[in-house]
Structure formats: C-alpha cells, structure tokens
Amino acid sequence: MATDALSPEYREAALEKLRATAQPGGELDILIVGGGVVGAGAALDAVTRGLKVGMVEARDWASGTSSRSSKLIHGGLRYLEMLDFALVQEALKERGLLIQRIAPHLVKPVPFLYPLTKRVIERPYVGAGILLYDTMGLTSGNSRGVPMHKHLSRRSTLRAAPSLKDDAMIGSIRYYDAQVDDARYVANMVRTAVHYGAAAANRLAVVDFLREGERVVGARVRDQESGEEFDIFAQQVVNATGVWTDETQAMVTDRGQLKVRASKGIHLVVPRDRIQSTVGMILRTEKSVLFVIPWGRHWIVGTTDTDWNLDKAHPAATSADIDYLLEHVNRVLKRPLTREDVEGVYAGLRPLLAGENDSTAKLSREHVVAHPVPGLVVVAGGKWTTYRVMAKDAVDEAARALDEKVPESCTQTIPLLGAVGYKAAWNKRHRTAEDYGIHVVRVEHLLNRYGSLAGEVLDLIAADPTLGEPLPGADDYLRAEVVYATTHEGARHIEDVLARRTRISIESWDRGVSAAPVVAKLMAPVLGWDEQRVESEVRHYLARVEAERLSQEQPDDVSADAARLAVQDIAPPR
C-alpha cells in the first residue's frame, strides 16, 4: 500500500487496512494517536524501523498546536541563562539536521538582532552567551547550517533595521536560527511515513481505548466524515495528543502519570512593509521574550504566555492579547503598528508538563514518556524543534514491550519527501521557469513549499493552464496548489487548504474569504462534492472567519471563547 499521495482514494485504502487489524494476525505493531508533529514523527520513526504502523488524527494534520507555533526551529537562546545546556545542545543538533538533511526545502536559516540597551556590561555578557550558542551548534554532531553571529554598532543596527527607534538600543548582535512552515512540515512528514508504509487517516477520532484486562490492545475510532465506528487493534498504542493528553489518558486510567497544562500563545501577522528591516528581532519583555520574525511578505509578531482552560480545539485571541503584543513591539519602532496593520491573528496552545510523579520516566528536561498501563505509551511536553527526539523516545518505550527485537531509530538519516534533489532543483529554477512558461518567482515559491516535488504541481499547470492563476486575494498562491493539497496532501475541507496547506487565512487581509468559493470549486471534483456541498463548505468557512474576528474584539478569554465557539468544526452531511 506504499504511496506518497494522501489522496481520497488513499484514505479509503488506509481505513480498510486499519479495519483489517481486527482480523486474526492483522494487528498493528504500533498505533499512533495524534497527527501533530510528535505523532507524525513517531509514525515515521516506527515505520522506518520496519514496524507495522497506523496513525489517526481526530481533525486535520497539525490542526492543533503544531500549526500555530512561532514557526521557529531554534536552540532556545534563553535556556542558556537557565543553564540548561543539554537541552540547548539537543535542540541545536536537531536544527542542524533539519536544515541540512531532513528538510532543507522547509527549514531555512533566519537572521535575528539581539538589541543591546546597557553600556559596558551587556555586550560582553550577551556576546559570550551567543558565542556559546554558536559553539554548541558546532559541537552538536552536525554542521550548524547557519552563519556565525556578528557584533553590530548602533549605526550598523539601524542600517539593518531602519524602523527601530534611534534610542531603542546602543548596538546589537546579529545571530541566526531557523524557521519552518510548521503545518506544511507535518503534512509532508505524514506523507513520508505513508511512503514507507504507514496507514494514516485524518478525521478519525478515538472515542475509546480497547482493553483486555488492564492491557490496552487498540482503540475504537469514529470516522468524522461518515460517522462509521470501528476498532483498530495494536500491540502498543502511543498517545501523542499534546494538550489533549489528559483527556485521552482519562479514557484508560484515572491514575494518569502525566498532567498537561495548556498555555496560550498568540501571534500577529503584519505586512512586510510596515517594518523596515532586513532581519528579525528578539526583544525582552517583563515576562518573556518577543519575536519579530520575517515570514515571506509578512512579519510574525509573538508571543504571549497565559493559562488557557477553555476549548482546546479553537483557542481564541482576545483584544487584550493583541494590544499586549502591539504595545511591546511599538516600544522599539519609530512608526507604531496599529490594529489596522494587523492582517492575521492566530492562537495556539503549548502543552506544558504540570508535574510528574516518581514513576514517570523523565527522558529530558523538556519532555516525558510514560507507560501508565500495559499497551499504552504517553509522550507529552517538549518543544517543536526536538519533535524527532520525542518521537524516538516514545517509539523506544513502545518497542521495549514488543515481542521481537526492534531496530534502533534511523530518522536522523531519513529526508522528508521533497528534500532529496531540492538543491539541484533550486539551481535549475530558471530553466524550469522557461520550460513551464511561468515566472521564476513562482518556481521559487513552489520549491520552498514542495522541494523537489514542485514538478508535480507544475505538471498540473501544464495539463490545465488555468491552474497557474493565483487565488483571489492571495496572489502568492496558485490554484494548482489547492488541487494538489486535495489530491496529495490529505486536505478534506476548505479550512484545511486555507489555514494549513497554505497560510491564506492569516496572510491575506480578508483571511481567505474571497478565495474560499474558488477553493471549494477546485476541491469539489476531487472529493465528489455537489453544488449544495460546495455552498455549505463556503458558508462554514465564512462563518469561521467571522467568529474569529468577533472573538478578537472581546476583552477576556471567556467571552472570546464563547464568540469563537459560535462556529464549530464542519460536520459533513451523512
């Protein structure tokens, strides 16, 4: 069943394979619950060890925390101050792997300024920390993949970032980390796991775990598209559900070893011309740090860190959250940002460990893997950058309970689909543009999203030139990308395309409203939608945008949550 296209036909085949686990001898070695970055990473880790693997996700791939991050792959400069050197070294090793081997098409170096505000003492103190950061990157077992830092005078700082107030700093240090389109990365990793033989299906929700005595032997799932329920059997189940860990764990045991607290972080997206700078910025606040991150033709400004005890599927940004970010970034900008400058807003939840007891196997300062009952492994905490380590640790724990000898993890050597040949494809991008008769900027855009698979999107345009036209209100994205998202990337609803396969919902002024009808019509033939279904999908997306806008005008979490929940996830007609 190995393929690398998450098509509707593939999903049906995957469902059939998962149903077949109920047959004698058909059980999986490992079932992964959760289709975020850790779940997808665990599926890829397990399947490339030769195991029989299934993965289910209740909504869309990366629809929770994994698509709403700061989109940074970083060692965690601030952890150096906490003297957590092991964590920083681990994260820097992963950063080097991702940039150079695993996903060079999706993970790119990005420069940041660290502004200095105190004379004499701050530059040697911060400089020593960033030198250590760079040096740890060199000694992490990989080439760093990013340039070394550089000290800048006040004049050089203002030349690099003219939008900074003249008195905002006395100088700066420019250093490098990396960034990623987090949702694209996860969908790409699911495809890679499927390519190696995993059976993966989104919109498949776990409603209960199957038990034989104390032992977990699988899960009962509901297909959110058809309403069908069936059982999936596996020798080991890995629970990688992030902020939903407590709820999924509670289906099995009330003596859960891990408790996860949800912390809300919000980000603003503003046009690139609102801040004149060639580099990103990291700013200290009284509570944490604030990032101003280059993002294509935009900037991402974030983040906040507040407790969230309301709906986890749709965390809402409040008016106060937005004001907080604007107030802090405006302290250093000559031309203040206003509400009118904000193109998009998104909120995500970090899964923070609320505390562990003595029986928990703590594998690092940042994430924990536990085996609360036989047959069930739980992985929680952690950070996006170190997802591969978390996945490896979770599969290691599950493998110990399997009968046969399981090979060691090899994901440090496994490039994602689109990585192999990416640099060669980039080098010949001008010739590719001539061959397909489109502008080289379009080719570069596709290469940075699909890597060496960009030719598959270009072939769609060659077969139907109308697919080479941009989407209304979102000039960066081509119609072919909508078709490809539906035929190859598992998109099943308008929101999947506009919020995750592309970033139109946060990058366009109308948040994808004008693109939605066109997207629906492009998806319809692939998914078998009739006109009534097309209208229903568009209506739902417009209502979602309106609910989000309304929530962002509310003064507090409770009222914002109520406004956002006026529109739930779309439930297809059955």
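Because only heavy atoms are used, hydrogens play no part in the values below, and waters and symmetry mates are left out as well, while side chains stay in.
R564 and E548 are joined by a salt bridge, as a carboxylate oxygen and a charged side-chain nitrogen come within less than 4.0 angstrom of each other. Salt-bridge formation is not detected for the pair R492/D60: no Lys NZ or Arg NE/NH1/NH2 atom is positioned less than 4.0 Å from an Asp or Glu carboxylate oxygen. Salt-bridge annotation for R49 and D45: present, with a side-chain N of the basic residue lying under 4.0 Å from a carboxylate O of the acidic one. Ion pairing between a basic and an acidic side chain is recognised when a charged N comes within 4.0 Å of a carboxylate O; K312 and E247 show such pairing. Ion pair K93/E90 not flagged as a salt bridge, since none of the NZ, NE, NH1 or NH2 atoms sits closer than 4.0 Å to an Asp/Glu carboxylate oxygen. By the 4.0 Å N-to-carboxylate-O rule, R19 lies close enough to E228 to be salt-bridged with it. Between R503 and D182 a salt bridge is recorded (basic side-chain N to carboxylate O distance below 4.0 Å).
Under the side chain to side chain contact (heavy atoms under 4.5 Å, CB included) rule, L51 has a single partner from V53, T48, V47, which is V53. With respect to L325, the side chain to side chain contact (heavy atoms under 4.5 Å, CB included) criterion is satisfied by exactly one of T304, V345, T303: T304. Of the residues C410, S409, P415, the one that meets the side chain to side chain contact (heavy atoms under 4.5 Å, CB included) test with T413 is C410. When the options L210, D231, L31 are evaluated for a side chain to side chain contact (heavy atoms under 4.5 Å, CB included) with V217, the one that passes is L210.
Looking only at distances, a side-chain donor or acceptor of T502 sits under 3.5 Å from a matching main-chain atom of V497. D496 places a side-chain N or O within donor-acceptor distance of the main-chain N or O of H493, the cut-off being under 3.5 Å. Side-chain atoms of K52 come within 3.5 Å of backbone atoms of G26 as a donor-acceptor pair (strictly under, hydrogens ignored). Within the 3.5 Å criterion, the main-chain N or O of A200 finds a donor-acceptor partner in the side chain of Y10.
For the pair R184 and Y450, the distance from NZ or CZ to the six-membered ring centre is under 6.0 Å and the angle to the ring normal is within 45 degrees. Stacking of K264 on the aromatic ring of Y324 is not recorded, the 6.0 Å distance cut-off and the 45° axial limit not both being met.
Residue E408 places its CD atom among 12 or fewer non-hydrogen atoms of other residues, nucleotides or ligands, all under 6.0 Å distant.
Looking at Y422 and N448, their side chains come closer than 4.5 Å, going by heavy atoms from C-beta outward. Side-chain contact between R388 and I102 is present, with at least one heavy-atom pair separated by less than 4.5 Å. Two residues are said to be in side-chain contact when any heavy atoms from C-beta on lie closer than 4.5 Å; E225 and L527 fail this criterion. The shortest distance between side-chain heavy atoms of T318 and D557 falls below 4.5 Å. Residues N202 and R11 meet the side-chain proximity criterion, which asks for heavy atoms closer than 4.5 Å. Using a 4.5 Å heavy-atom cutoff, the side chains of T248 and V206 are not in contact. Side-chain contact between I300 and F291 is absent, with no heavy atoms from C-beta onward closer than 4.5 Å. Taking 4.5 Å as the limit, some side-chain heavy atom of L417 sits within range of a side-chain heavy atom of H195.
Relative ring orientation between W384 and Y387 is described as perpendicular, the plane-to-plane angle rising above 60° on a 0-90° scale split at 30° and 60°.
In terms of heavy atoms, L15 sits closest to A201 at CD2-CB, 3.9 Å. Here the closest heavy-atom approach between residue A316 and residue A347 is recorded as C-CB, 4.2 Å. Between I30 and A46 the shortest heavy-atom distance is CD1-CB, 4.2 Å.
The side-chain hydrogen bond (donor to acceptor under 3.5 Å, both in side chains) pairs that include a residue from residues 23-42 are D29-Q235, where partners are two or more places apart or lie in different chains.
Atom CE in M251 sits 12.0 Å away from atom CG in D246 (nearest 0.5 Å).
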I would like to know whether S70 and H267 meet side-chain hydrogen bond (donor to acceptor under 3.5 Å, both in side chains); could you show each step before the answer?
CA-CA 7 Å; S70 296; H267 296 79; 2.7 Å; yes
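Taking the salt bridge (Lys or Arg N to Asp or Glu O under 4.0 Å) definition, one finds that D208 meets it with nothing, sequence neighbours left out.
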